[in-house]
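The structure appears below as structure tokens.
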Protein chains: 2
Amino acid sequence: MPVNLKQLAELLGLSQTTVSRALNGYPEVNAETRARVLEAVRETGYRPNRAAQRLATGKAYSIGLVMPIASGIDSDIHFGEFLAGLAEEAVEHDFHFVLNPSAPEDEEATFRRLAASGNVDAVFIAYMRANDPRIEMLKALSIPFVVHGRSIGGPRDYPFLDVDNTGAFYDAARLLIQLGHDRIALINGPEHLTFSIRRKKGLVRALAEKGLKLDDALVHHSAMTDEHGYRSMQRFLKRPDPPTAVLCSSTVLALGAVRAINQAGLAIGTDISLIAHDDVLPMLKPENFSVPLTTTRSSLRGAGARIAKRLIGGILNQGDYPEQELWRAELILRASTGPAPDR
Amino acid sequence: MPVNLKQLAELLGLSQTTVSRALNGYPEVNAETRARVLEAVRETGYRPNRAAQRLATGKAYSIGLVMPIASGIDSDIHFGEFLAGLAEEAVEHDFHFVLNPSAPEDEEATFRRLAASGNVDAVFIAYMRANDPRIEMLKALSIPFVVHGRSIGGPRDYPFLDVDNTGAFYDAARLLIQLGHDRIALINGPEHLTFSIRRKKGLVRALAEKGLKLDDALVHHSAMTDEHGYRSMQRFLKRPDPPTAVLCSSTVLALGAVRAINQAGLAIGTDISLIAHDDVLPMLKPENFSVPLTTTRSSLRGAGARIAKRLIGGILNQGDYPEQELWRAELILRASTGPAPDR
DNA sequence: AATTCCTTCCAAAGCGCTTTGAGTACCTTT
DNA sequence: AAAGGTACTCAAAGCGCTTTGGAAGGAATT
């Protein structure tokens, strides 16, 4: 039987007010009193009743999640991993989720309902597209939110956490170019998603710096499955002028690509170089590939946890977080990259 | 500005009690009065405040989800699909989720914390193993739950929803046997999960009925990815006595298997027959395969929605649901099955 | 000594719902 | 006509927290 505030206050010989204030960090409480309160909390295992807090404060202590159910996105491995990060952090702070599966065409209605219901204090969105309308929607509904990724075009002043995808693939491409590669292929994610757009841009930029141009035939867009990686790579290798290096937008894609390369009898790291973006999926570690993969690394789960932190911090008005974060991916050298082969 | 109960009662010239009772289906309310109340609700758009209900009733109106984060399970496509079903139903009833990512070794502690927190009224679990200890744990904690799947061994009286996996694969195998196949391979899910165990059992039983024995070399267990399907099939086809038919535990596995078959220059439905279990993943429809797949079908999303319904019904004491449900999978004939080839 | 101002604490009023314990009016039964 | 049901409705007491509007006591200022 858990103790409540009243009992705790009685135990301490204080009023509920004082105890509540001590716990919530109000200044008008003697430091010593506060220490006593905290001590009592530890002893009794007191935990404030969330339902009562919700009622008293009007806060929901919940965050809304609009799960996209569109092909190429839904039920995606990467989504699950991100979700785990979000949840890890949320559980820590005793926050709930409201999961809203929604087809793209219902998104606006879903947001509207969510905002009106008062069931959530903030919302999280991802899988940004160019000129993504959701940012404006959420602003109009004036419900706090954080996006994972960034739009391209549209408003610029909104809270996001993104990986510097352009930079990551620029760095990766630059490395390949330095190694003498000039025909670099790209196995990318879905074409309409901004992270794909930016990764391609990074590659283009690195090539341009050396006066090279990206051959559009060497770029494939698809959902990030092993199967698509395999097919893309196969098609690249069948060309009369196959690439000597390839960038993959995910280790999942790389898995397929590697298979196609092996099957073609080519050696990774010598005949052909490969760099993949590593989301740090526990199931698929680049160091465990038969030839360990050079990667640009940025933890998806970490991003999930961070976004939860920001969302929760915002709701509780505690902690001070930047409104926009651009995480730099690390470029980690392993054995899958090497000098371009002679022609 | 949403109306609350007090305002609604005033509007109607009734007391809050009466309105509340009218809404919650208590018998001691005049039918006409109740109709008036419902009409007013419709007009004003009144929605009871969940926080207040939580406080007053002591219910959390939330369900706990312990997300397994073990390899071969976590971030799995099938999990996302199931989750979408759960969420669809939950959102309808304004229920929240508490997502708890947890490694298997922490599961007990996670359950305990969840039960003690009072943050959830019920819990959902899945990915049942043989003699799964979680059933006993949840019973001991006396927190309501529904499991997706069934254990093997251990207590038998617990609430579950499962697909008749034995029956499904028995039916599938029987069809193949009737078509003259006697060497049937199985590309199965992870070995320790009960659905895999039961599917194998279904195959064994069908074979046994005709005096046939399952060749253990023709059974592979793995995480249900396209890649694993491909490799398994490849290995089967390399054998001196390859199977003439194969059962796949998921259309995802089938995707890889089909690829291996095509690559070997074999024709599906004539040289080799294939039946897959279809979880009705929106991304992967068996009718869209180059040769449409014969399948045993049972919607994962549907199961998710059903379990949410039962969980919620149990919490609200409304609706009457069986405590144990065994869904029969449909066997749907398409072009991937045909008579066994002559030797 | 009287006044003002902090600091520290408190009593009590909500937040919006459910539920208990009556109360009223109208029928039946004796 | 009194007693007992029945059908309907209500006032008020919580649920456990936050927060408002003081109040008590001591220190600092006049």
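In what follows, every chain begins at residue 1, and chains take the letters A, B, ... in the order their sequences are listed.
A:Arg310 and A:Asp320 are not joined by a salt bridge, as no carboxylate oxygen comes within less than 4.0 angstrom of a charged side-chain nitrogen. A salt bridge does not link A:Asp121 with A:Arg54: none of the charged nitrogens is closer than 4.0 Å to a carboxylate oxygen. A salt bridge links A:Arg306 to A:Glu325: one of the charged nitrogens lies within less than 4.0 Å of a carboxylate oxygen.
Pairs passing the ring pair (Phe, Tyr, Trp, His ring centres under 6.0 Å) check and including a residue from residues 4-32 of chain B, sequence neighbours excluded, do not occur.
With sequence neighbours left out, B:Tyr158 forms a ring pair (Phe, Tyr, Trp, His ring centres under 6.0 Å) with B:Phe160. Every residue two or more places apart in sequence or in another chain that forms a side chain to side chain contact (heavy atoms under 4.5 Å, CB included) with B:Glu39 is listed here: B:Arg42, B:Glu43. The ring pair (Phe, Tyr, Trp, His ring centres under 6.0 Å) search around A:Tyr61 returns A:Phe95, not counting sequence neighbours. Applying the ring pair (Phe, Tyr, Trp, His ring centres under 6.0 Å) rule to A:Phe195 yields no partners; only residues at least two apart in sequence or on another chain are considered.
A pairwise comparison of heavy atoms in B:Val163 and B:Ser298 identifies CG2-OG, 3.3 Å as the closest pair. Residues B:Val29 and B:Arg21 approach most closely at CG2-CB, 3.8 Å, considering heavy atoms. Between A:Arg36 and A:Leu12, the shortest heavy-atom distance links the atoms NH2-O, 2.7 Å.
Over its length, the helix from C:dA1-D:dT30 to C:dT30-D:dA1 turns its helix axis by 60°, as judged from the five terminal pairs at each end, rounded to 10°.
Under a 3.5 Å cut-off, the side chain of B:Arg134 and the backbone N or O of B:Ala126 do form a donor-acceptor pair. Between the side chain of A:Thr18 and the backbone N or O of A:Leu14 there is no donor-acceptor pair closer than 3.5 Å. Using modelled atom types, one side-chain atom of B:Lys59 and one backbone atom of B:Ile315 make a donor-acceptor pair closer than 3.5 Å.
Contact check of residues 6-17 of chain A against DNA chain C (heavy atom, cut-off under 4.0 Å) returns A:Gly13, A:Leu14, A:Ser15, A:Thr17. Within residues 29-40 of chain A, the residues having any heavy atom closer than 4.0 Å to DNA chain C are, in order of number, A:Asn30, A:Thr33. The stretch residues 49-58 of chain B touches DNA chain C through B:Asn49, B:Ala52, B:Gln53, B:Ala56, B:Thr57, each having a heavy atom within less than 4.0 Å of the strand.
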What's touching nucleotides 4-7 of chain C from the protein side, N or O pairs under 3.5 Å?
none

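Considering only heavy atoms from C-beta on, A:Met128 stays 4.5 Å or farther from A:Arg150 through its side chain.
Put simply, B:Tyr26 has a side-chain N or O that comes within less than 4.0 Å of OP1 or OP2 on C:dT19.
The span of DNA chain D lying next to chain A, judged by atoms under 4.0 Å from heavy atoms, is bounded 5' to 3' by D:dG16 to D:dG21.
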Stepwise, does the ring-ring contact (aromatic ring centres under 6.0 Å, His included) test hold for B:Phe124 with B:Phe82? CA-CA 12 Å; B:Phe124 152 81; B:Phe82 182 88; 4.8 Å; yes
Tabulate below the donor-acceptor pairs under 3.5 Å that side-chain atoms of residues 105-112 of chain B make, not counting sequence neighbours, or state none.
from	atom 1	to	atom 2	distance (Å)
B:Glu108	OE2	B:Arg112	NH2	2.8
B:Thr110	OG1	B:Ser102	OG	3.1
B:Thr110	OG1	B:Asp106	O	3.0

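Looking at which nucleotide of DNA chain D each of A:Arg21 and A:Val3 is closest to, the 5′-most match is held by A:Val3.
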